[in-house]
Number of protein chains: 2
Amino acid sequence: MIAPDSGVQGFADYLARAGLKSTRQRERIVRAFFAAGRHTSAEELYHQIRVQEPCIGLVTVYRTLKLLRQAGLATERAFGDGYARFDPTPADLTHHHLICTRCGMVQEFQDKDLRVLGRKVARSLRFTITEHKLELYGLCRDCGRAERDRPQSNSRTARFGSRGEARP
Amino acid sequence: MIAPDSGVQGFADYLARAGLKSTRQRERIVRAFFAAGRHTSAEELYHQIRVQEPCIGLVTVYRTLKLLRQAGLATERAFGDGYARFDPTPADLTHHHLICTRCGMVQEFQDKDLRVLGRKVARSLRFTITEHKLELYGLCRDCGRAERDRPQSNSRTARFGSRGEARP
DNA sequence: TTAAATGCAAAGTATTTGCATGCGA
DNA sequence: TCGCATGCAAATACTTTGCATTTAA
């Protein structure tokens with residue numbers, strides 16, 4: 001995981017290197033992004049910042065997130081609920097997710113062996129990896145139990161149905 | 001990989017079980033879906049079918065893909081180009097991707113060790129897996145070589161920029 | 001017969017762009 | 001000063017929904 005301050009600093013460096021300007025809005029957005037940490041959508045970020053900074057546009061949030069991607073500091077993810085989510089790019093590039101298709105819970109995990117294997121596969125296929133995304137979909141512990149008690153319902157239909165239903 | 005016919009049959013079974021109707025359109029769409037095989041978008045499917053069946057609506061393609069998802073026969077994916085892609089759900093649920101962020105190429109791979117590890121992780125976290133998605137982003141062999149010859153360009157910006165640019 | 005399916009048009013929704021204005025270097 | 005950044009509104013583009021009509025069971 002990236003330390004918030006090093007992320008903010010890294011973005012400042014990127015702007016300077018690219019000849020772009022450092023603005024109050026960008027600083028707020030980037031700070032909020034690294035503080036929020038995980039699976040943040042543009043809209044969520046926007047509302048968080050609005051509390052302290054009412055005069056900010058959703059557009060600017062989108063544009064800043066795009067810059068963060070270009071700087072290599074943010075990774076875009078799609079969990080299937082219609083929103084793009086952004087994570088600070090972790091230093092070791094291993095940042096995986098278990099996503100419950102019933103309640104929408106997203107749990108992170110890391111696994112060293114998995115990372116090693118991913119590298120092995122990439123090497124054998126002559127692929128230079130810049131990002132990993134391992135997403136395991138299924139039922140979390142609680143939902144798995146609930147489902148076993150009520151086996152006639154169809155767990156697969158919970159997700160992907162209408163947009164945004166599974167937001168935390 | 002699912003055999004096309006068994007997929008078509010499986011969908012027919014699903015419709016019967018759910019008390020839904022089997023129509024000419026649904027049969028065409030499902031057949032085309034299992035024949036196309038991989039990473040198919042609704043639009044692609046729609047245009048393929050239109051050649052033989054001009055009187056079909058894109059809406060019906062979307063609705064049928066939704067049914068396929070509910071039947072557990074299709075898996076939705078998002079590679080970051082703005083389109084939802086659909087794959088026949090493979091029997092062993094291991095169906096991974098290497099995605100080149102420069103030319104947009106998508107290469108599949110399977111790895112037995114990876115599958116075993118994924119299961120191990122899920123078990124230790126009490127998670128019941130229904131789908132895997134491992135996506136490795138980076139540079140394919142050719143683009144990696146090209147990038148090494150021209151190191152000043154930024155490979156990260158190639159993808160995710162505007163929508164649809166990386167369609168095959 | 002009857003409930004479900006279709007297709008068109010229209011709406012919805014996340015994201016991007018055009019443009020006049022604002023502001024950092 | 002000068003050019004990048006901002007924010008609003010409008011435009012995009014993928015996907016879904018309303019509704020009248022058609023069709024499978």
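Worth saying up front: this structure is predicted, and the values here are computed from it rather than measured. All chains are named by letter (A, B, ...) in the order of the sequence lines, taking the proteins before the strands, and each is independently numbered beginning at 1.
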Quiz prompt | Divergence of helical axes at both termini of the helix from dT1(C)-dA25(D) to dA25(C)-dT1(D) - five pairs an end, 10° steps | solution = 30°
To the nearest Å, how far apart are [X] [atom1] and [N] [atom2]?
X: R28(A); N: dT6(D); atom1: CZ; atom2: C1'; answer: 16 Å
X: L20(A); N: dC23(C); atom1: CG; atom2: C1'; answer: 15 Å
X: Y83(A); N: dC14(D); atom1: OH; atom2: C1'; answer: 15 Å
X: L45(B); N: dC14(D); atom1: CG; atom2: P; answer: 15 Å
X: Y14(A); N: dC4(D); atom1: OH; atom2: P; answer: 14 Å
X: R17(A); N: dC4(D); atom1: CZ; atom2: P; answer: 18 Å
X: Y62(B); N: dA10(C); atom1: OH; atom2: P; answer: 19 Å
X: R85(B); N: dT15(D); atom1: CZ; atom2: C1'; answer: 15 Å

Is there any protein nitrogen or oxygen under 3.5 Å from a nitrogen or oxygen in nucleotides 1-3 of chain C, and what are the pairs?
unit_1 : atom_1 : unit_2 : atom_2 : d
dA3(C) : N3     : K21(B) : NZ     : 2.9

Locate the shortest heavy-atom distance separating [X] from [Y]; write the atom from each residue and the value.
X: F33(A); Y: L73(A); value: CE2-O, 4.2 Å
X: L58(B); Y: Y46(B); value: N-CE1, 3.2 Å
X: E44(B); Y: T40(B); value: OE1-CA, 3.6 Å
X: L45(B); Y: A36(B); value: CD1-CB, 4.5 Å
X: A32(B); Y: I49(B); value: CB-CG1, 3.8 Å
X: T64(B); Y: R26(B); value: OG1-CG, 3.9 Å

Practice problem: Answer yes if Y62(B) and L20(B) sit in the same cluster of Ile, Leu, Val, Met, Phe, Trp and Tyr residues linked by side chain heavy atoms under 4.5 Å apart, and no otherwise. | Solution: yes
Exercise. Check whether any side-chain heavy atom of L15(B) sits under 4.5 Å from a side-chain heavy atom of K21(B), and report yes or no.
Key: no
Quiz item: With a 4.5 Å limit on heavy-atom distance, are the side chains of H39(B) and D87(B) in contact?
Solution: yes
Identify the pairs formed between an N or O of the protein and an N or O of nucleotides 6-8 of chain C at a distance under 3.5 Å, and give each distance.
unit_1 : atom_1 : unit_2 : atom_2 : d
dT6(C) : OP1    : T23(B) : OG1    : 2.8
dT6(C) : O3'    : Q25(B) : NE2    : 2.9
dG7(C) : OP1    : Q25(B) : NE2    : 3.3
dG7(C) : OP1    : C55(B) : O      : 2.5
dG7(C) : OP2    : G57(B) : N      : 3.1
dG7(C) : OP2    : T60(B) : OG1    : 2.5
dG7(C) : N7     : R63(B) : NH2    : 2.6
dG7(C) : O6     : R63(B) : NH2    : 3.3

Quiz item: Is the number of heavy atoms from other residues, nucleotides or ligands within 6.0 Å of CZ (R126(B)) greater than 12?
Solution: no
Quiz item: Would you find a donor on one side and an acceptor on the other, under 3.5 Å apart, between the side chain of R69(A) and the backbone of F86(A)?
Solution: no
